[in-house]
Colleague: 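Here you go, one structure.
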Amino acid sequence: MHDHDHLEQRLSQHRTQAPEGFADRVMESLPTWRKSERRGWWPAHGRWVAPALAGAAAMFFIMLAVPPLHSSEQAGEVVFHFELHAPGADKVELLGTFNNWKSGDIVLQGPDASGHWTASVELPEGRHEYIFLVDGDRWVTDPKGATHRPDGFGQVNTVIKVYDEDNA
Amino acid sequence: MQDRASTMDGRTDRQLVEVCLAGNRDAFAELVRRHQDSVFGLAVGMTRNREDAADMAQEAFIRAYGKLEQYNPGYAFKPWVLRICANQTKNLFRKRTRRRKAEEDHLKEEAVLADAADNDFHALEKALSNLPPKLCAPLRLKFIEGLAYDEIGAILGIGISAAKMRVSRGKQRLAEVLNNA
């Protein structure tokens, strides 16, 4: 009969190891962009409920006393995280409908140790197309984008549809 | 319990998440390396199949990455990603028909045997793989991952008393399996 304490001890020392190269495969499979919520002063995850309620009450009285401000131009925007694996590149830019395909407007940061370039961009809700420009002369379609569309000039753009979860 | 990779990077999980949210993918790679065995182990316990488990664990990390903004740093990262893994594994089984059962059983035996490093490890791994997922998963979370019953309940979507009962029954069943081996 197995002693249960001994069994617990065996279990505590047991570890089923993930397959070789698992972490690398995960990293290779990550999406090139990550949808994220706006990170502002408002506490996330329902923390600091009491201060938040106090703030809301204070805001209510301020709004009664002060003429209404123009609504935020950033309302309805969602932060997207763009990524491109280009380990040999010197510069990666992001051009799209959201910046009128303007070169030099959004330059990705990188490369990191694994050769990835990244940029977090606030996008208005709706449909967008984009493409990467590598080293100023090489157009690169996002290889992990789900939807692509030829631009009519020999390149292929990636299509994304952005909706804030609160409004979807 | 100290995870094997945590000694290679002194940053806490919370710090790694913050760095990752700032755009550094390497930080997420460290999180994967740190918790891959735990997530994979849970998936093995729930699927009894290493191939499916690897898929489920991989998908769990990809989903975690996609919703990293929703992670509450007030709680530990590991239970959070384990919960993601448990939820999607349950969804997988809801979608599947029973036609794969024979195939899974065959793969389970083959894969577990191939990866066994020594007799003790082999015997315990094989015994665990013979437990029903409902007992194996709580047992792994309790004794291999060192989680509390409330955490186990939250991860598996069951009550605390159910978690306690399944751990107890799982331990009893495991002892029987090892005795009969």
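Values reported hereafter were calculated over all heavy atoms of this structure, with side chains retained and with hydrogens, waters and symmetry mates removed. Below, chains carry the letters A, B, ... as their sequence lines are ordered, and counting in each starts from 1.
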Colleague: For chain B, find which of A/His14, A/Met27, A/Glu8 contributes the most heavy-atom pairs closer than 4.5 angstrom.
Modeller: A/His14

Colleague: First locate atom CZ of B/Arg25, then atom OG of A/Ser114, and finally report the distance between them rounded to the nearest 0.5 Å.
Modeller: 6.0 Å

Colleague: Going by heavy atoms in the side chains, are B/Val32 and A/Phe22 under 4.5 Å from each other?
Modeller: yes

Colleague: Looking at side-chain heavy atoms only, is the closest gap between A/Leu11 and B/Leu174 below 4.5 Å?
Modeller: yes

Colleague: Out of curiosity, A/Gln17 CD to B/Ser38 OG, how far, rounded to the nearest 0.5 Å?
Modeller: 11.0 Å

Colleague: When you look at CZ of B/Arg169, are more than 12 heavy atoms from neighbouring residues, nucleotides or ligands closer to it than 6.0 Å?
Modeller: no

Colleague: Do B/Arg140 and A/Thr16 pair up side chain to side chain, a donor and an acceptor below 3.5 Å, judged on atom types alone?
Modeller: yes

Colleague: Would you name the heavy atoms of A/Leu30 and B/Phe61 that are closest together and state the gap between them?
Modeller: CD2-O, 4.5 Å

Colleague: Only heavy atoms, only distances under 4.5 angstrom. Which residues in residues 104-113 of chain A are near chain B?
Modeller: A/Asp112, A/Ala113

Colleague: Hey, what do you get for CD1 (B/Ile144) to CZ (A/Arg10), rounding to the nearest 0.5 Å?
Modeller: 11.0 Å

Colleague: If we only count heavy atoms from C-beta on, is the B/Phe40 to A/Pro19 side-chain gap below 4.5 Å?
Modeller: yes

Colleague: Between B/Leu31 and chain A, with a heavy-atom cut-off of 4.5 Å, which part of the residue counts as in contact: side chain, backbone, both or neither?
Modeller: neither

Colleague: According to a 4.5 Å side-chain heavy-atom criterion applied to Ile, Leu, Val, Met, Phe, Trp and Tyr, with indirect links allowed, do A/Trp101 and A/Leu94 form part of one hydrophobic cluster?
Modeller: no

Colleague: Take A/Thr118 and B/Asn24 through the side-chain contact (heavy atoms from CB on, under 4.5 Å) test and state the conclusion after the steps.
Modeller: CA-CA 8 Å; A/Thr118 61; B/Asn24 186 333; over 6 Å; no

Colleague: Among B/Lys171, B/Lys142, B/Glu176, B/Glu59, which residue has the highest count of heavy-atom pairs closer than 4.5 Å to chain A?
Modeller: B/Lys171

Colleague: Check for me, please, whether B/Ile158 and B/Leu42 land in the same ILVMFWY cluster - side-chain distances under 4.5 Å, paths through other members count.
Modeller: yes

Colleague: If hydrophobic clusters are built from ILVMFWY residues whose side chains come within less than 4.5 Å, do B/Tyr65 and B/Tyr71 share one?
Modeller: yes

Colleague: Output yes when a side-chain donor or acceptor of A/Ser12 lies under 3.5 Å from a complementary backbone atom of B/Phe143, and no otherwise.
Modeller: no

Colleague: With the 4.5 Å side-chain cut-off for hydrophobic clustering, are A/Phe82 and A/Val156 part of the same group?
Modeller: no

Colleague: Answer yes when A/Arg15 and B/Glu125 have at least one side-chain N-carboxylate O distance shorter than 4.0 Å, and no when they do not.
Modeller: no

Colleague: According to a 4.5 Å side-chain heavy-atom criterion applied to Ile, Leu, Val, Met, Phe, Trp and Tyr, with indirect links allowed, do A/Tyr130 and A/Trp139 form part of one hydrophobic cluster?
Modeller: no

Colleague: Do you know the tightest heavy-atom contact between A/Ala23 and B/Gln36?
Modeller: N-OE1, 3.5 Å

Colleague: Roughly how far apart are A/Asp24 CG and B/Arg33 CZ, rounded to 0.5 Å?
Modeller: 7.5 Å

